[in-house]
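Below is one structure; the comments refer to it alone.
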Amino acid sequence: MERLEDPNGIILVTGATGSGKTYLAAFDARNFDAKRVLFIVHRETILKDAKQTFMNVFGAEKTCGLYTGNSKDLDCDFVFASSNMLARHLTEFDKNEFDYICYDEVHHIVAECGKKILNYFNPEFLLGLTATPERMDNQDIFELFEQNVPFELRLRDAINNDLVVPFHYYGIRDDLINYGEDDKNKVSKNIAESDNVDFIVKEIEKHRLPNEKLKAVAFCTNIAHCSLMANELAMRGYSTVTLTGENNTGERIKAFNDLQDETNDLEIICTVDILNEGVDIPAINTVLFLRPTESSTIFLQQLGRGLRKYQNKECTR
């Protein structure tokens, strides 16, 4: 691939979830002949996957390490850092230490820690990656990157180019719930009531892929709703687990692996927000939207969890 060059050394790349943005960054860093790379993102699970991607591209040529709350591997060529940890310890780094910086899920850069990082470092080249550059709060990511967007791959193009799997989307009319209710906690509680869960189960069985293990992620409104849904679905014979911000990295990874394991009983991960972006569970074949949202960004992020390619996977529902 050609270099992502810009005379100002700052560009933004937008690409659909699962379309290979991290590999794009790794190959571009290689073509740049980067000596010291800083890869930044907000979650440790994403960092570990990114680190492995760069190792796949560079092999033994470069050393790679993590800079998180659990690891401080600074004596290496490429550093993969969590944004929160990095923002708290910027003075441990020289402002010119990295010639190539990649900020993944860069729509988060407008947060306080992201702005601190952006204003501190002075790399030769800064690459921002995101699948969802348009923010609902109208903060302009494009302006931060001086409108330099040399490459853009939206979801339709990613599907047409066979970079992600297609999806069958079912908009199901639910007459049991008043989604216009002002009290969203009441809406969430009603979604988890017995009659409505029976309705959800009926729809799952109607649309699930035949003769395949169900590997579903169910997006819920809050922790209480998440626990209720997991319990109700378990009472109806599904193997479920809840994943929220209260679960540590090890617990999350175990759930991801169990869901993808054909010999493991786990069928549904009920979750709140933490799986919206940057999580690699390519075997997912079903995404359940059990929370109301008016955000197109959140919708696309959650839909994207099921679109990664996987062996014998033809589509997601």
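Numbering starts at 1 and runs along the sequence shown.
Among pairs with a residue in residues 57-69, those fulfilling side chain to side chain donor-acceptor pair (under 3.5 Å) read Arg30-Glu61, Thr63-Asp77, Tyr67-Glu92, at least two apart in sequence or across chains.
Between Arg36 and Val79, the closest side-chain pair of non-hydrogen atoms falls below 4.5 Å. Side-chain atoms of Lys215 and Ile268, non-hydrogen and from C-beta on, never get closer than 4.5 Å to each other. Annotation: side chain of Thr286 is in contact with side chain of Leu288 (closest heavy-atom distance under 4.5 Å). Proximity of Tyr170 to Lys206: side-chain heavy atoms (C-beta onward) are nowhere separated by under 4.5 Å. Residues Tyr310 and Val165 are not in side-chain contact: their nearest non-hydrogen atoms beyond the backbone lie 4.5 Å or more apart. Contact annotation: the side chain of Thr271 never approaches that of Thr242 to less than 4.5 Å [non-hydrogen atoms, C-beta and beyond]. Contact of the Ile269 side chain with the Thr240 side chain is not registered, since no non-hydrogen atoms from C-beta on lie closer than 4.5 Å. At least one side-chain heavy atom of Arg317 sits under 4.5 Å from a side-chain heavy atom of Cys315.
In this view, Thr130 and His107 satisfy the side chain to side chain donor-acceptor pair (under 3.5 Å) rule, not counting sequence neighbours. Contacts of Met55 classified as side chain to side chain contact (heavy atoms under 4.5 Å, CB included), with partners at least two apart in sequence or in another chain: Lys51, Gln52, Cys64. With sequence neighbours excluded, the residues forming a side chain to side chain contact (heavy atoms under 4.5 Å, CB included) with Tyr169 are Phe167, Phe289, Phe299, listed by chain and number. Residues satisfying the side chain to side chain contact (heavy atoms under 4.5 Å, CB included) criterion with Pro123, sequence neighbours excluded, are Ile101, Phe121, Leu126.
Within 6.0 Å of CD on Gln147 lie more than 12 heavy atoms contributed by other residues, nucleotides or ligands. Other residues, nucleotides and ligands contribute more than 12 heavy atoms inside 6.0 Å of the CD atom of Glu212. Atom CG of Asn119 sits in a crowded spot, with more than 12 heavy atoms from other residues, nucleotides or ligands closer than 6.0 Å. More than 12 non-hydrogen atoms from other residues, nucleotides or ligands lie less than 6.0 angstrom from NZ of Lys213.
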Q) Is there a side-chain contact (heavy atoms from CB on, under 4.5 Å) between Ile200 and Asn196 once you walk through the steps? A) CA-CA 6 Å; Ile200 292 169; Asn196 202 65; 3.7 Å; yes

(Q) Test ring pair (Phe, Tyr, Trp, His ring centres under 6.0 Å) on Phe93 and Tyr120; report intermediate values, then the result. (A) CA-CA 10 Å; Phe93 302 90; Tyr120 182 81; 8.0 Å; no

Q) Yes or no on side-chain contact (heavy atoms from CB on, under 4.5 Å) for Cys270 and Val241, after CA distance, side-chain angles and deciding distance? A) CA-CA 6 Å; Cys270 294; Val241 69; over 6 Å; no

Q: Tell me, with the steps shown, if Val149 and Ile11 meet side-chain contact (heavy atoms from CB on, under 4.5 Å).
A: CA-CA 6 Å; Val149 188; Ile11 69 167; over 6 Å; no

**Q.** Ser82 vs Leu47, side-chain contact (heavy atoms from CB on, under 4.5 Å): CA-CA, chis, key distance, verdict
**A.** CA-CA 7 Å; Ser82 63; Leu47 285 176; 4.0 Å; yes

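Taking the six-membered ring for Trp and the full ring otherwise, Tyr103 and Phe39 have centroids separated by 6.0 Å or more. Ring to ring, Phe78 and Phe58 are close: their centroids are under 6.0 angstrom apart.
With rounding to the nearest 0.5 angstrom, the CG atom of Leu12 is 8.0 Å from the CG atom of Leu127. Atom CG of Asp258 and atom CD1 of Ile281 lie 11.0 Å apart (nearest 0.5 Å). Taken to the nearest 0.5 Å, the CG atom of Leu266 stands 5.0 Å off from the CG atom of Leu259. Here Thr221 contributes atom OG1 and Leu228 contributes atom CG; the two are 11.0 Å apart, rounded to the nearest 0.5 Å. The CG atom of Asn257 sits 9.5 Å away from the CG atom of Asn264 when rounded to the nearest 0.5 Å. Atom CG of Leu243 is separated from atom SG of Cys226 by 7.5 Å, given to the nearest 0.5 angstrom.
Linking ILVMFWY residues whenever their side-chain heavy atoms come closer than 4.5 Å, directly or via other members, places Val37 and Tyr23 in the same cluster. When hydrophobic clusters are built by joining Ile, Leu, Val, Met, Phe, Trp and Tyr residues whose side-chain heavy atoms come closer than 4.5 Å, directly or via intermediates, Val272 is not grouped with Ile253. Ile223 and Phe219 sit in two unconnected hydrophobic clusters of ILVMFWY residues. Membership requires side-chain heavy atoms under 4.5 Å apart, directly or through other members. In the hydrophobic cluster analysis, where Ile, Leu, Val, Met, Phe, Trp and Tyr join through side-chain heavy atoms closer than 4.5 angstrom, Leu38 is grouped together with Ile10. Under a hydrophobic clustering in which Ile, Leu, Val, Met, Phe, Trp and Tyr are joined whenever their side-chain heavy atoms come within less than 4.5 Å, directly or via other members, Leu209 and Tyr238 fall into different clusters.
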Side-chain donor-acceptor contacts of residues 84-91 below 3.5 Å, not counting sequence neighbours, with atom names and distances?
none

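One N or O on the side chain of Glu251 and one on the backbone of Asn248 form a donor-acceptor pair closer than 3.5 Å. In this structure, Glu267 contributes its side chain and Ser239 its backbone to a donor-acceptor pair below 3.5 Å. Listed for the Asn231 side chain is a donor-acceptor partner under 3.5 Å among the backbone atoms of Ser227.
Shown here for Gln260 and Ala283, the closest heavy-atom pair between the two residues is OE1-N, 3.2 Å. Minimum interatomic distance between Thr244 and Arg252 (heavy atoms only, all atoms of both residues): O-NH2, 3.7 Å. Minimum heavy-atom separation, Asp99 to Asp33: OD2-O, 4.3 Å. Across Ala25 and Tyr100, no two heavy atoms sit closer than the pair O-OH, 3.8 Å. Taking every heavy atom of both residues into account, Val201 and Arg236 meet most closely at CG2-CD, 3.7 Å. The heavy-atom pair separating Gly65 from Cys76 by the smallest distance is N-SG, 3.4 Å.
A salt bridge does not link Lys202 to Glu205: none of the charged nitrogens lies less than 4.0 Å from a carboxylate oxygen.
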